[in-house]
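Report on the structure given below.
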Amino acid sequence: MKKTKVINSNLSRVTAQMGHFDKLAIGDAGTPVPDETEKIDLAVTQDIPKFMDVLNNVLEELEIQKIYLAKEIKTKNPEMLKQIQNRLSDTTIEYISHEELKNSLKDCKAFVRTGEMTPFANIMLESNVVF
């Protein structure tokens with residue numbers, strides 16, 4: 001039995017295979033995922049699991065150097081933005097359009113779908129090295 005915090009087998013596999021500059025995205029239940037991107041669907045029902053719960057879990061295992069957020073989160077979901085900024089206060093944030101974020105999902109190792117039901121609750125994590 002695995003001792004670390006991420007016990008979902010697909011999520012654990014993807015984070016273990018990440019290299020420097022690889023990307024992993026986490027998002028709300030409504031995010032459209034390109035066919036070529038692996039989707040790890042954790043959604044059970046509305047708001048289970050929550051976006052921040054999944055993000056916090058992933059950050060237990062994945063070293064990141066930068067995050068990408070949709071510019072629209074600033075006005076459409078400022079509470080979620082505040083939670084992300086508090087959790088990742090020392091991490092560089094690049095704001096891009098929501099359309100650009102959706103298009104960039106094709107370059108991610110995987111997209112993790114949560115049960116989150118708030119708008120623009122999406123993040124792209126860029127991995128770093130641990131040395």
Side-chain angles (χ1 to χ4, degrees):
M1 181 79 187
K2 194 169 168 46
K3 285 177 75 172
T4 57
K5 301 260 181 169
V6 178
I7 63 171
N8 178 280
S9 59
N10 289 320
L11 187 52
S12 183
R13 172 186 47 80
V14 168
T15 58
Q17 293 174 345
M18 299 275 292
H20 195 197
F21 294 103
D22 283 343
K23 294 183 177 102
L24 174 69
I26 302 169
D28 60 51
T31 304
V33 182
D35 289 339
E36 62 266 28
T37 302
E38 178 180 357
K39 179 166 51 172
I40 301 171
D41 194 345
L42 302 181
V44 176
T45 189
Q46 291 185 4
D47 293 320
I48 299 175
K50 300 289 282 175
F51 171 85
M52 284 305 299
D53 292 334
V54 174
L55 176 60
N56 287 328
N57 183 253
V58 168
L59 293 174
E60 291 288 333
E61 289 196 11
L62 185 63
E63 187 71 28
I64 62 166
Q65 63 187 15
K66 184 177 184 179
I67 62 171
Y68 299 83
L69 298 172
K71 291 185 259 190
E72 293 86 346
I73 196 172
K74 294 176 182 180
T75 57
K76 303 290 185 185
N77 199 345
E79 180 54 40
M80 182 64 70
L81 175 58
K82 187 177 190 178
Q83 289 179 53
I84 293 168
Q85 289 171 326
N86 288 340
R87 178 60 175 89
L88 294 161
S89 59
D90 294 331
T91 305
T92 301
I93 300 174
E94 184 172 329
Y95 294 96
I96 58 179
S97 73
H98 187 57
E99 282 303 312
E100 190 177 350
L101 185 75
K102 289 190 298 186
N103 289 335
S104 296
L105 294 179
K106 69 182 181 315
D107 300 322
C108 291
K109 294 291 182 183
F111 175 84
V112 184
R113 180 177 180 247
T114 70
E116 186 68 41
M117 294 289 178
T118 62
F120 302 100
N122 302 290
I123 191 168
M124 202 163 26
L125 308 170
E126 184 177 275
S127 62
N128 200 355
V129 293
V130 294
F131 53 87

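FYI, side chains are in, hydrogens and waters are out, and symmetry mates aren't considered; it's all heavy atoms of this structure.
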Task: Carboxylate-amine/guanidinium proximity below 4.0 Å for E94 and K71 - done: no
Task: Contact check, side chains of N57 and N8, non-hydrogen atoms, under 4.5 Å - done: no
TODO: Could you tell me whether a side-chain N or O of T45 sits under 3.5 Å from a main-chain N or O of I48, the two making a donor and an acceptor?
DONE: no
- [ ] Please report the closest heavy-atom contact between A110 and I40, naming both atoms and the distance.
- [x] CB-CD1, 4.1 Å
TODO: Specify the closest pair of heavy atoms between T114 and A43, including all atoms of both residues, with the distance to one decimal.
DONE: O-CB, 3.5 Å
- [ ] Indicate whether the side chain of Q65 and that of H20 have a donor and an acceptor atom separated by less than 3.5 Å.
- [x] yes
Task: Candidates R13, R113, K106 - the one meeting salt bridge (Lys or Arg N to Asp or Glu O under 4.0 Å) with E38 - done: R13
Open item on the list: For M52 versus I84, what's the shortest heavy-atom pair and its separation?
Closed with: SD-CG1, 4.0 Å
Open item on the list: I need the Y68 OH to K23 NZ distance, nearest 0.5 Å.
Closed with: 4.0 Å
Task: Joint hydrophobic cluster, L69 plus V33, side-chain heavy atoms closer than 4.5 Å - done: no
Task: Linked, directly or transitively: F111 and I96 (ILVMFWY side chains, under 4.5 Å) - done: no
Open item on the list: To check you understand the geometry: which heavy-atom pair defines the closest contact between P34 and L105, and what is its length?
Closed with: CD-CB, 3.7 Å
- [ ] Indicate yes or no for a side-chain donor-acceptor contact from S127 to the backbone of D22 under 3.5 Å, with no hydrogens or angles considered.
- [x] yes
Open item on the list: Are the side chains of I123 and L88 in contact, using a 4.5 Å heavy-atom criterion?
Closed with: yes
Task: Test: E99 and K102 ion pair at under 4.0 Å - done: yes
Task: pair C108-L24: side-chain heavy atoms closer than 4.5 Å - done: no
Open item on the list: Is a donor from one side chain sitting under 3.5 angstrom from an acceptor on the other, for T118 and E116?
Closed with: yes
Task: K76 atom NZ, over 12 foreign heavy atoms within 6.0 Å - done: no
Task: Test side chain to side chain contact (heavy atoms under 4.5 Å, CB included) applied to Q85 and M80, step by step - done: CA-CA 9 Å; Q85 289 171 326; M80 182 64 70; over 6 Å; no
Task: Sidechain-backbone polar pair: D47 side chain, M117 backbone, donor-acceptor under 3.5 Å - done: yes
Open item on the list: If you count every heavy atom of other residues, nucleotides or ligands that lies below 6.0 Å from Q46 atom CD, does the total exceed 12?
Closed with: no
Task: Interatomic distance, I67 atom CD1 to I93 atom CD1 [nearest 0.5 angstrom] - done: 4.0 Å
Task: Stepwise side chain to side chain contact (heavy atoms under 4.5 Å, CB included) check, L62 with V6 - done: CA-CA 10 Å; L62 185 63; V6 178; over 6 Å; no
Task: Polar contact flag, side-chain donor to acceptor under 3.5 angstrom, D28-T31 - done: yes
- [ ] Using the rule that two of Ile, Leu, Val, Met, Phe, Trp, Tyr join whenever any of their side-chain heavy atoms come within less than 4.5 Å, decide whether L42 and I7 are in one cluster.
- [x] no
- [ ] Establish whether M124 and V14 are linked, either directly or via other cluster members, by ILVMFWY side-chain heavy-atom contacts under 4.5 Å.
- [x] no
- [ ] First locate atom CG of L11, then atom NZ of K5, and finally report the distance between them rounded to the nearest 0.5 Å.
- [x] 14.5 Å
Open item on the list: Using the rule given for side chain to side chain contact (heavy atoms under 4.5 Å, CB included), can you reason through L125 versus V58, listing the C-alpha separation, both sets of side-chain angles and the distance that settles it, and then say yes or no?
Closed with: CA-CA 10 Å; L125 308 170; V58 168; 3.9 Å; yes
TODO: State plainly whether one hydrophobic cluster holds both L101 and F51, where clusters connect Ile, Leu, Val, Met, Phe, Trp and Tyr through side-chain heavy atoms under 4.5 angstrom apart.
DONE: no
Open item on the list: Show the nearest heavy-atom pair for residues I73 and Y95, with the distance to one decimal.
Closed with: CG2-CE2, 4.4 Å
TODO: Can you see which heavy atom on N128 is nearest to which on I64, and at what distance?
DONE: CB-C, 3.7 Å
